[in-house]
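Everything on this sheet refers to the single structure shown next.
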Amino acid sequence: MNTTRTICFVIAALSSYAALVYRLCQVRRSWRENAYRALVVTLLFQCLTFTMGAVAMGGGGFLGVGNLAILVMHLAAVAFCVSAQIILLRWATPEEEAARKSRHWLVTGVVLDVVLAVLFFVADGPDRPSSDFDTGSGRPLILTYLLLFIVSQAVPCVTIFRQCGPYARMTDNASLRQALRLLSVAAVVLFLYCAARTVNILTAAAGVDIGVWKVAASVFSALGIVMLSLSLTMSSWWASVTGVVDWARRYRAYRALYPLWRDLYESSPDIVLEPPGASVSDLDYRLHRRVVEIRDGWRDLRPYIDRTAGSAAGADAAGGEESRQAFTEAAQIRQALHAKRAGTIPADNKDAGDFDDRDTDNFTAEVEWLTKVASAYRRLDKTG
């Protein structure tokens, strides 16, 4: 069990240091911003909290004082929670209001740290077994110290969760909105840590052994801190991740359109503006060209498309009417390609028009629709 708890502390510490290093890389361009300075201070307290946690798990004293690592961990955790609350204020409230409320949280944090330090030494914390700070050992002063510490962690979790939802709905910044949503999830997970920690203390005080469930608090703590570290850095890397995801989505569409484009190109080589190439360095341009060329190739096929042809057989029933329409279009294109090669012109052909009932003004919707048609076309080819 101690091994699992140590691993959880190490994970939390590593995620904290990773977030701190990432943010420090932006110090030159962001140091003048109050929100950035508050964020760096928060991450420093976060790193100190879990570094001291790992030291405390190693046993022995810190700076020659027994259990001092535990006290420093708890004091840093209080400062860390206060700083996280201040960051949220800096992110989402007007500057004057944020400054006023930040002073309130700072005073509260200082008072809590002083009270915890006094209780620690009055309860003879340096000479107590370190296990007492896990269970409380039934001693009233140690129990009071631990429960006060947990309250100091739980209250910011509740306030952060309550504020994140409305703030996320108010902001137009997509990366900040996602960061606030993840921060609210982290607050819930860390509140579960507080609840699990309280259960551990109270059951131990009552003489009840809950066994392996004691480790739940450490797991919730590590998971919540990883989420928190991500949320505190998300505003600077979310746009890059979104860009990569969008590029991957466009690349998948580009590849998915290839079978349909290839057959239309072979049927009407004049639709291609430039010789085909394998490079995707200019993917946006190539995807636009592929969509235009598919449309042009389709228009070249209009005299060979039989209006009465086309079947939705093989369409995904869960896809509904759109899936059936995509299969019908794909089947008509496939039949028209055969008719053009044979030189057969149907009596009832499509001599004008476009893909049936599709809005071609929205490029994203156009790519999505053509991808469905291309997918249906590929499945028809496989079935012969």
Side-chain angles (χ1 to χ4, degrees), residues 1-19 42-43 45-57 69-85 87-88 105 108-109 112-113 116 130-136 142-164 180-205 208-232:
M1 189 178 298
N2 280 342
T3 301
T4 303
R5 292 180 60 201
T6 302
I7 291 172
C8 289
F9 270 118
V10 170
I11 291 172
L14 288 176
S15 70
S16 302
Y17 278 107
T42 300
L43 291 172
F45 281 127
Q46 186 176 323
C47 291
L48 178 60
T49 298
F50 292 98
T51 300
M52 288 296 100
V55 171
M57 290 300 299
I70 294 175
L71 175 62
V72 174
M73 174 181 67
H74 289 163
L75 298 183
V78 172
F80 157 60
C81 286
V82 169
S83 299
Q85 180 67 58
I87 285 174
L88 184 58
W105 278 101
T108 302
L112 278 170
D113 272 351
L116 286 174
S130 61
S131 59
D132 283 7
F133 291 93
D134 287 332
T135 63
I142 298 291
L143 280 171
T144 302
Y145 169 91
L146 291 174
L147 292 175
L148 180 61
F149 167 70
I150 291 170
V151 169
S152 75
Q153 306 298 288
V155 171
C157 289
V158 173
T159 57
I160 288 173
F161 175 77
R162 291 180 61 187
Q163 292 168 338
C164 280
L180 289 169
R181 288 171 178 168
L182 184 58
L183 183 59
S184 68
V185 175
V188 171
V189 175
L190 290 172
F191 183 83
L192 291 176
Y193 152 75
C194 295
R197 190 88 167 80
T198 303
V199 170
N200 288 354
I201 293 168
L202 295 181
T203 53
V208 178
D209 185 5
I210 60 175
V212 73
W213 292 104
K214 292 178 183 177
V215 81
S218 297
V219 173
F220 283 133
S221 175
L223 182 60
I225 291 301
V226 170
M227 290 182 176
L228 186 64
S229 299
L230 291 172
S231 68
L232 293 179

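When reading the values below, keep in mind they use all heavy atoms of this one structure, side chains included, and skip hydrogens, waters and symmetry mates.
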task: Could you check if a side-chain atom of Ser184 sits within less than 4.5 angstrom of a side-chain atom of Leu180, using non-hydrogen atoms only?
output: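 Contact flag for Ser184/Leu180 side chains = no.
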query: Do Val82 and Pro156 have side-chain heavy atoms sitting under 4.5 Å apart?
result: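 They are not in contact (no side-chain heavy atoms under 4.5 Å apart), so the answer is no.
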Indicate every side-chain donor-acceptor pair of residues 47-57 with a distance under 3.5 Å to a residue at least two apart or in another chain.
residue, atom, partner, partner atom, Å
Thr49, OG1, Phe45, O, 2.8
Thr49, OG1, Ala77, N, 3.2
Thr51, OG1, Tyr17, OH, 2.7
Thr51, OG1, Cys47, O, 2.7

Exercise: identify the closest heavy-atom pair between [X] and [Y]:
| X | Y | answer |
| --- | --- | --- |
| Ile160 | Ala187 | CG2-CB, 4.1 Å |
| Ile87 | Leu232 | CD1-CD2, 4.2 Å |
| Cys8 | Ala222 | O-CB, 3.5 Å |
| Tyr193 | Ser221 | CD1-CB, 3.7 Å |
| Val78 | Phe149 | CG2-CD1, 4.4 Å |

message: The test is side chain to side chain contact (heavy atoms under 4.5 Å, CB included); show your working for Thr42 and Phe80 and say whether it passes.
response: CA-CA 5 Å; Thr42 300; Phe80 157 60; 3.7 Å; yes
To the nearest 0.5 Å, tell me how far [X] [atom1] sits from [Y] [atom2].
| X | Y | atom1 | atom2 | result |
| --- | --- | --- | --- | --- |
| Phe220 | Ile225 | CZ | CD1 | 14.0 Å |
| Leu116 | Leu75 | CG | CG | 6.0 Å |
| Ser15 | Leu230 | OG | CG | 7.5 Å |
| Gln163 | Leu183 | CD | CG | 9.5 Å |
| Ile201 | Lys214 | CD1 | NZ | 12.0 Å |
| Ile150 | Cys157 | CD1 | SG | 11.5 Å |

task: Kindly determine whether Leu146 and Ile142 satisfy side chain to side chain contact (heavy atoms under 4.5 Å, CB included), including the steps that lead there.
output: CA-CA 6 Å; Leu146 291 174; Ile142 298 291; 4.1 Å; yes
- request: Begin with the C-alpha distance, continue with both residues' side-chain angles, and end with the deciding distance and a verdict on side chain to side chain contact (heavy atoms under 4.5 Å, CB included) for Tyr145 and Leu71.
  value: CA-CA 10 Å; Tyr145 169 91; Leu71 175 62; 3.6 Å; yes
- prompt: Would Thr203 and Trp213 satisfy side chain to side chain contact (heavy atoms under 4.5 Å, CB included), going step by step from the backbone distance to the final call?
  reply: CA-CA 11 Å; Thr203 53; Trp213 292 104; over 6 Å; no
- request: Output all residues satisfying side-chain hydrogen bond (donor to acceptor under 3.5 Å, both in side chains) with Ser231, sequence neighbours left out; order by chain, then residue number.
  value: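 In terms of side-chain hydrogen bond (donor to acceptor under 3.5 Å, both in side chains), with neighbours along the sequence ignored, Ser231 is linked to no residue.
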task: Give a yes or no answer on whether the side chain of Ser16 reaches the backbone of Ala12 with a donor-acceptor pair at less than 3.5 Å.
output: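 The answer is yes, because a donor-acceptor pair under 3.5 Å joins these two groups.
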All side-chain contact (heavy atoms from CB on, under 4.5 Å) counterparts of Ile11, not counting sequence neighbours: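 side-chain contact (heavy atoms from CB on, under 4.5 Å) list for Ile11, sorted by chain: Ile7, Val226.
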